[in-house]
Amino acid sequence: MIEKGRRFYLTTAIAYANNQPGLHTLYEVIGADVIARWHRMLGDDTRFLTGTDEHSVNIAQRAAEEGIEPRAFVDEKVGLFRSSERLLGINPDRFIRTTDPDHFRAAQEMVRRAYANGDIYLGAYEGWYCPNEGFRSASEVVETARGTICPNHPDVPLQWLTERNWFFRLSAYQARLERHFAEHPDFVQPDYRRNEMLGFIRQGLEDFSISRASGGWGIPFPIAENGESSLMADGRWDPEAGTIYVWYDALINYITGAGFPDDPDAFAHWWPADLHVIGKDIARFHTVYWPAMLWSAGLEAPRRVWVHGWLLVKGGERMSKSRGNFFDPNDVVTALGSDGARYVTLAEVAFDRDTEVSWESFIRRYNADLANDFGNLVNRTVSMANRYLAGERPGASDGGSLRFVWEKTLPVYRSQLEGCLLHAALATLWEFVGAANRLVDAEKPWELAKAIKLGGPDGESASLRLSAVLGDLVEACRLIALAGAPFLPATAPRILAQLGYAWPYANDGNGGPPVLGELSWAAHGGEAGQMEQPEPLFPRLSVEPDATPA
RNA sequence: GGCGGAGUAGCUCAGUGGUAGAGCAGGGGACUCAUAAGCCCUUGGUCGCAAGUUCGACUCUUGCCUCCGCUACCA
């Protein structure tokens with residue numbers, strides 16, 4: 001368990017900035033943002049890093065086709081990412097770009113350290129080269145009538161390349177990796193991903209290439225063939241030295257974002273990362289290559305890598321930009337609102353495996369969970385408190401059934417959230433929503449209100465009862481809003497306002513009291529307050545027959 | 001080819017050696033505080049196929065089929 005005030009550093013993979021982002025790309029960023037917000041609210045010293053991967057021959061080519069500089073090309077794409085993320089309420093502590101100057105220095109420093117440690121050497125590389133993904137091994141390409149292609153990009157022709165490259169001695173780290181996996185059973189999660197990676201390690205590791213001869217759009221390789229620095233007398237980097245190839249560029253962003261190498265104090269504070277959230281397609285690079293690269297530089301491996309699955313469309317095909325079968329996050333936000341989009345995406349898509357989604361499943365989930373169950377619960381609670389108690393906020397009771405249910409719910413919710421089972425955490429919290437809705441029908445506050453009108457001794461006991469029931473319901477709404485705030489950061493403060501409470505956290509979840517204290521039953525039991533008029537939080541949507549992208 | 005996972009109600013999934021569960025969707029009902037929401041009840045399943053072990057298997061074993069993941073290789 002995370003102790004109060006601990007620091008928590010988490011990252012997402014950086015997205016390839018060659019296009020507009022799809023919801024399937026921002027999915028992990030939304031999930032990581034939720035986890036980051038939870039830790040900020042806990043009071044942890046939290047740092048959340050996400051960003052974009054911007055170097056590659058492919059991007060340089062695309063820019064050239066459009067007749068613009070690579071930098072202008074990626075600036076535009078990054079703008080699209082940032083604007084979609086803003087719409088989704090995503091709040092990184094730093095948005096890192098591999099074109100950032102400090103990242104340039106970090107990547108070069110990592111290469112120098114690997115070299116100094118004897119872990120990189122010159123070799124020749126020959127093989128099929130995919131402009132999108134780099135060199136592909138024989139098992140990764142497919143022969144077709146139109147020639148050899150990479151299955152992920154059927155329309156992109158492969159090239160057969162031979163070139164002199166620097167290699168990283170991954171093979172030297174096999175034993176240490178096996179030991180690390182054994183000593184840190186939670187290093188890779190979920191477990192079946194860990195087993196897959198362990199299987200990959202055990203069958204023997206091969207060195208991998210970390211440079212490209214083709215200069216241009218990339219970070220200059222800092223070492224010349226003679227082993228000296230490739231920095232020339234005129235201050236330029238020798239183009240003959242080539243550029244750093246993808247993994248010694250992209251992966252490095254995680255330490256750049258922690259202060260490496262410019263700010264040793266910051267780096268000592270933030271590294272090793274507590275959590276990398278990544279997609280299953282890059283698990284090997286994060287759980288095998290990356291630890292070895294860090295060790296080579298004398299640094300620690302990250303503490304935990306969470307591997308999530310993909311969003312699939314009906315029929316099981318992976319959502320992807322190249323297939324054109326993806327959701328535009330901006331459309332989802334337009335339809336469901338910012339919090340609606342966050343909630344539905346994370347409730348509907350399991351964070352530990354692939355999930356089929358459709359526009360209809362999103363709308364159904366929104367209506368069932370947000371409009372009908374939770375939104376309506378808040379609305380009916382606030383409405384009754386206004387109508388029966390003149391808006392004077394009733395206090396929660398001590399021994400009510402909801403309190404009992406809540407005290408069972410919170411620890412489960414917390415462990416699922418911190419264990420990255422975000423969909424399960426929401427399901428747990430929503431069971432409590434259901435319990436609150438059932439309490440309304442069991443207690444029938446409207447009948448209590450009638451008994452009060454009739455007066456007499458029955459009226460007096462009804463009055464106490466009404467106040468206790470509505471107090472428990474108000475408390476339930478407060479607790480759900482606070483606990484669910486990482487998922488619903490824009491709505492949670494509105495709910496507290498309707499309940500007559502101030503919202504003590506900043507927009508990113510920082511600055512307030514430790515949330516676990518706030519989440520104890522009746523944490524603000526003695527405080528008087530005036531409730532606001534009810535205002536629907538999640539307007540019900542009509543189900544459109546089929547708006548699922550083809 | 002090797003290793004691993006999965007095949008359970010229309011959909012998404014949970015589950016256990018003793019004659020199957022949840023949520024959503026569908027149907028019905030009583031109510032009315034509420035976003036015609038909520039609540040209660042309910043229709044749906046030969047638990048992939050076949051054989052075996054067992055008093056008894058959806059749950060164990062074997063074979064097969066289908067799908068998926070990791071990985072290898074042939075051509």
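Below, read A as the first sequence line, B as the second, and so on, with proteins coming before strands; counting in each chain starts at 1.
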Side chains of residues 431-438 of chain A: which donor-acceptor pairs under 3.5 Å do they make with residues two or more places apart or in other chains?
residue, atom, partner, partner atom, Å
A:Asn437, OD1, A:Arg380, NH1, 2.8
A:Asn437, ND2, A:Asp373, O, 3.1

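- One C1' atom belongs to B:U32, the other to B:C40, and the distance between them is 15 Å to the nearest Å.
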Sort me out a list of protein N/O and nucleotides 6-14 of chain B N/O pairs below 3.5 Å, or just none if empty.
none

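- Contacts with RNA chain B (heavy atom under 4.0 Å) in residues 167-199 of chain A: A:Arg193, A:Glu196, listed by number.
- Nucleic acid contact class of A:Leu377 (heavy atoms, under 4.0 Å, all strands): none.
- Ion pairing of A:Glu360 with A:Arg364 is absent here, as no side-chain N (NZ or NE/NH1/NH2) approaches a carboxylate O to less than 4.0 Å.
- When the C1' atom is compared between B:C60 and B:C55, the two are found 16 Å apart, to the nearest whole Å.
- Checked by atom type, the side-chain pair A:Glu418/A:Trp38 shows a donor-acceptor distance below 3.5 Å.
- B:G38 and B:G4 are spaced 44 Å apart, taking the C1' atom of each and rounding to whole Å.
- Here the CZ atom belonging to A:Arg169 is positioned 15.0 Å from the CD atom belonging to A:Gln174, to the nearest 0.5 angstrom.
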I'd like to compare against my own output: the B/S/- annotation of nucleotides 36-44 of chain B with a strict under-4.0 Å heavy-atom distance to protein.
-BBSS----
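- Look at CD on A:Glu431: it is 11 Å from P on B:C24, rounded to the nearest Å.
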Using Watson-Crick and G-U wobble pairs whose two distances are both under 3.5 Å, how do you write the pairing of RNA chain B as dot-bracket, with | for links to another strand?
(((((((..((((.......)))).((((.........)))).....(((((.......))))))))))))....
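- Going from the C1' atom of B:G27 to that of B:G44 covers 11 Å, rounded to whole Å.
- For RNA chain B, the residues of residues 386-410 of chain A within the heavy-atom distance limit of 4.0 Å (strictly under) are A:Arg387, A:Tyr388, sorted by number.
- Defined by atom type and a distance below 3.5 Å, a donor-acceptor pair is missing between the side-chain atoms of A:Tyr245 and A:Asn165.
- If you check the side chains of A:Tyr192 and A:Asp352, you find no donor sitting under 3.5 Å from an acceptor.
- Look at CZ on A:Arg202: it is 19 Å from P on B:C70, rounded to the nearest Å.
- A:Arg403 and A:Asp472 are not joined by a salt bridge, as no carboxylate oxygen comes within less than 4.0 angstrom of a charged side-chain nitrogen.
- The shortest distance between the side-chain N/O atoms of A:Gln203 and the OP1/OP2 oxygens of B:A72 is below 4.0 Å.
- Between A:Trp359 and A:Phe327, a ring centre-to-centre spacing shorter than 6.0 Å is recorded.
- Using a 4.0 Å cut-off between charged side-chain N and carboxylate O, A:Glu196 and A:Arg193 make a salt bridge.
- Residue A:Gly375 is the one, among A:Gly375 and A:Asp281, whose nearest nucleotide of RNA chain B lies closer to the 5' end (criterion: closest heavy atom).
- The C1' atoms of B:G52 and B:C39 are separated by 49 Å, rounded to the nearest whole Å.
- B:G45 and B:C70 have their P atoms separated by 37 Å, with the value rounded to a whole Å.
- Comparing the P positions of B:A6 and B:G15 gives a spacing of 10 Å, expressed to the nearest Å.
- Separation of the A:Tyr27 and A:Phe351 ring centroids falls under the 6.0 Å cut-off.
- Side chains of A:His180 and A:Trp295: no donor on one and acceptor on the other come within 3.5 Å.
- Tested against A:Phe208 for a ring pair (Phe, Tyr, Trp, His ring centres under 6.0 Å), the candidates A:Trp290, A:Trp166, A:Phe167, A:Tyr289 yield a single pass: A:Tyr289.
- A:Tyr501 places a side-chain heavy atom less than 4.5 Å from the side chain of A:Arg393.
- No hydrogens or angles considered: nothing links the side chains of A:Thr491 and A:Tyr343 as a donor-acceptor pair under 3.5 Å.
- B:G2 and B:A9 have their P atoms separated by 30 Å, given to the nearest Å.
- The nearest pair of heavy atoms linking A:Ser361 to A:Ser358 is OG-O, 2.8 Å.
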